[in-house]
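Worksheet: one structure, shown below.
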Amino acid sequence: MAPPSQLVLAASSTDAGVAAWDLRTGAEAIRHRPCASRPRAIAAVAGRFLAAAQVAAGNSAPIHYYHWDKPQVAVKSFPAEPIRALIADPEGNYLIGGGGAGGLFFLEVASGELLVRWHAHYRDVRCLALYDMLLVSASEDGSIKVWDLLTMLDEQSRFEAKTPYLYNFNQHTLPVTDIACFHGAIALSSSEDRTCKIWSLSEGRMLRSISFPAVIDSVEIDPRSHIFYAGGRDGKIYVTAMGVDVSSQGRDDLSILGILDDHSKAVTSLTSSTDGLLLVSGSEDGNVRVWDTRSQQVTRKFKHSQGPVTNVLIVTPKRLNLPPLQPLRKVFAASGEVEPRAVILPNPENDVHIAGNLSSNLLEQLLDAQQQHGNSRLFDSGVSTLNGVPNQQGTEWRSKYLELQDLFVHEVLGDMPS
């Protein structure tokens, strides 16, 4: 049996649809319409279907769901506030949305239930990144916040926490444009202030700040090595080293190892294959490029539309015979408002329902892990929530975890100056 085809997806902020090209043949496979999405606003839900948050038109800003083999919208849902950024967890159990008013929404895909929502930022949430149970959100207000979802999903833990977030980074001076995580130890952000900043998620501090000759609108970390790609508003993609010491003035140029140059306008979106051998870029010039990262040459060129490309993805669709979508029902409501509608999707075959509001395989596994490690979360103080008694096993586990994370950070970035 032939392996499933990989698709390159590209969306625009104008109503030009989501184009899908076969990565092997270069042929356009399908175009989903209508769709008009801002950057970071589409997500492939574990290869099962595509979710795309729409640009607000009047009072309406729905989220569209598309099946891979049908061009039309399968289902629409209507959140309480326009969703600016959208991601799914790797298993496709959850969608997480960042709102235009600074809110974060955590939704269960199988039921359509809103599990929790909270206010995260003062302005638009522009981008999100997820690694295990760490959620990183970044905003137009320039701030970046790191959230422990185990805390946010548990009412008692939220009540006991000194702050709802783990870390709050405010070193960017202008809106953040993109965020990425590297093996849960490092976060990388880009901003309109013409810098990319590297953050330690174990220590909660900035490790490096790298300046660029242009505003950086998109970033992608190479999964094979210690480099990342920075998409500039000048149409260039900067191949950048994470591990060069740029702490002294005038050394930023040492971090930029090369430039990929085939776009005439801003590079708005970047994504790479899982093996890191291919990089896909989308631009405001309406073009999509597939790059061979070893030769740094373009291997395919796609034309999306006359409008800007805002999102690109590489996906391997799963051709599942899912039951028909269920009717919409009411969730998402803010206090005192008429409840908007949200989608109910069928349970995946491998999903196990857990009684109560929070149901999923993922949460069950996380709860088991907590019990095995003395209820100690990744960044918890080592105090068990059971009777408030210090848990030595949990403290030791956390200490070893952070030591390993620090070793990984120093391996990637080199020894840091004190």
Side-chain angles (χ1 to χ4, degrees), residues 43 45-46 51 63 77 79-81 83 85-99 102-121 125 128-138 144-168 179 181 184 187 201 331-335 342-345 347-348 351-386 388 391 394 397-398 401:
V45 183
I63 298 174
S77 61
E81 67 182 81
I83 297 299
L86 189 69
I87 58 172
D89 74 295
E91 291 77 25
N93 294 320
Y94 303 104
L95 281 173
I96 304 173
L104 288 176
F105 301 83
F106 193 93
L107 295 129
E108 187 178 56
V109 170
S111 66
E113 289 285 351
L114 176 65
L115 301 184
V116 64
R117 70 178 281 187
W118 68 93
H119 184 73
H121 297 275
V125 177
L128 299 166
L130 181 67
Y131 190 87
D132 287 339
M133 290 305 284
L134 289 184
L135 173 67
V136 186
S137 62
I144 298 169
K145 292 182 179 178
V146 183
W147 311 86
D148 176 5
L149 290 179
L150 284 176
T151 298
M152 301 311 298
L153 289 168
D154 181 73
E155 184 176 0
Q156 183 65 27
S157 296
R158 292 198 305 271
F159 177 77
E160 294 175 351
K162 293 181 180 179
T163 61
Y165 48 80
L166 286 173
Y167 307 119
N168 182 15
I179 193 88
C181 289
L201 297 182
V331 298
F332 273 86
S335 177
V343 178
I344 305 171
L345 288 178
N347 280 302
D351 192 38
V352 177
H353 183 78
I354 304 173
N357 190 35
L358 304 183
S359 63
S360 74
N361 284 335
L362 179 60
L363 285 184
E364 188 176 44
Q365 293 164 5
L366 290 165
L367 291 172
D368 288 344
Q370 274 193 305
Q371 291 173 358
Q372 292 169 10
H373 295 294
N375 291 328
S376 174
R377 295 188 300 273
L378 291 184
F379 299 99
D380 174 321
S381 66
V383 176
S384 170
T385 57
L386 182 61
N391 186 304
W397 176 81
R398 175 182 178 273
Y401 176 85

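- Using a 4.5 Å cut-off on side-chain heavy atoms (C-beta onward), V136 and C181 make contact.
- In this structure, the side chain to side chain contact (heavy atoms under 4.5 Å, CB included) partners of Q156, at least two apart in sequence or on a different chain, are D154, F159, E160.
- Between the NE2 atom of H119 and the CG atom of L104 there is a distance of 9.5 Å, given to the nearest 0.5 Å.
- Put simply, the residue from W118, Y131, Y167 that forms a ring pair (Phe, Tyr, Trp, His ring centres under 6.0 Å) with W147 is W118.
- From L95, atom CG reaches atom CG of L107 across 6.5 Å, with rounding to the nearest 0.5 Å.
- The minimum heavy-atom distance between V125 and S137, with the atom names listed, is CG1-CB, 4.4 Å.
- Relative ring orientation between F106 and Y94 is described as tilted, the plane-to-plane angle lying within the 30° to 60° band.
- For the atom pair CG (L128) and CD1 (I96), the distance works out to 7.0 Å, reported to the nearest 0.5 Å.
- Note that the OG atom of S157 and the CG atom of L149 stand 12.0 Å from one another [nearest 0.5 Å].
- Taking the side chain as every heavy atom from C-beta outward, M152 and L135 never approach each other to under 4.5 Å.
- Each of L201, D148, T151 was scored for a side-chain contact (heavy atoms from CB on, under 4.5 Å) with L166, with one residue passing: D148.
- The distance from atom CD1 of I179 to atom CD1 of I144, rounded to the nearest 0.5 Å, is 4.0 Å.
- Considering CG of D132 and CG of D89, their distance stands at 11.0 Å, rounded to 0.5 Å.
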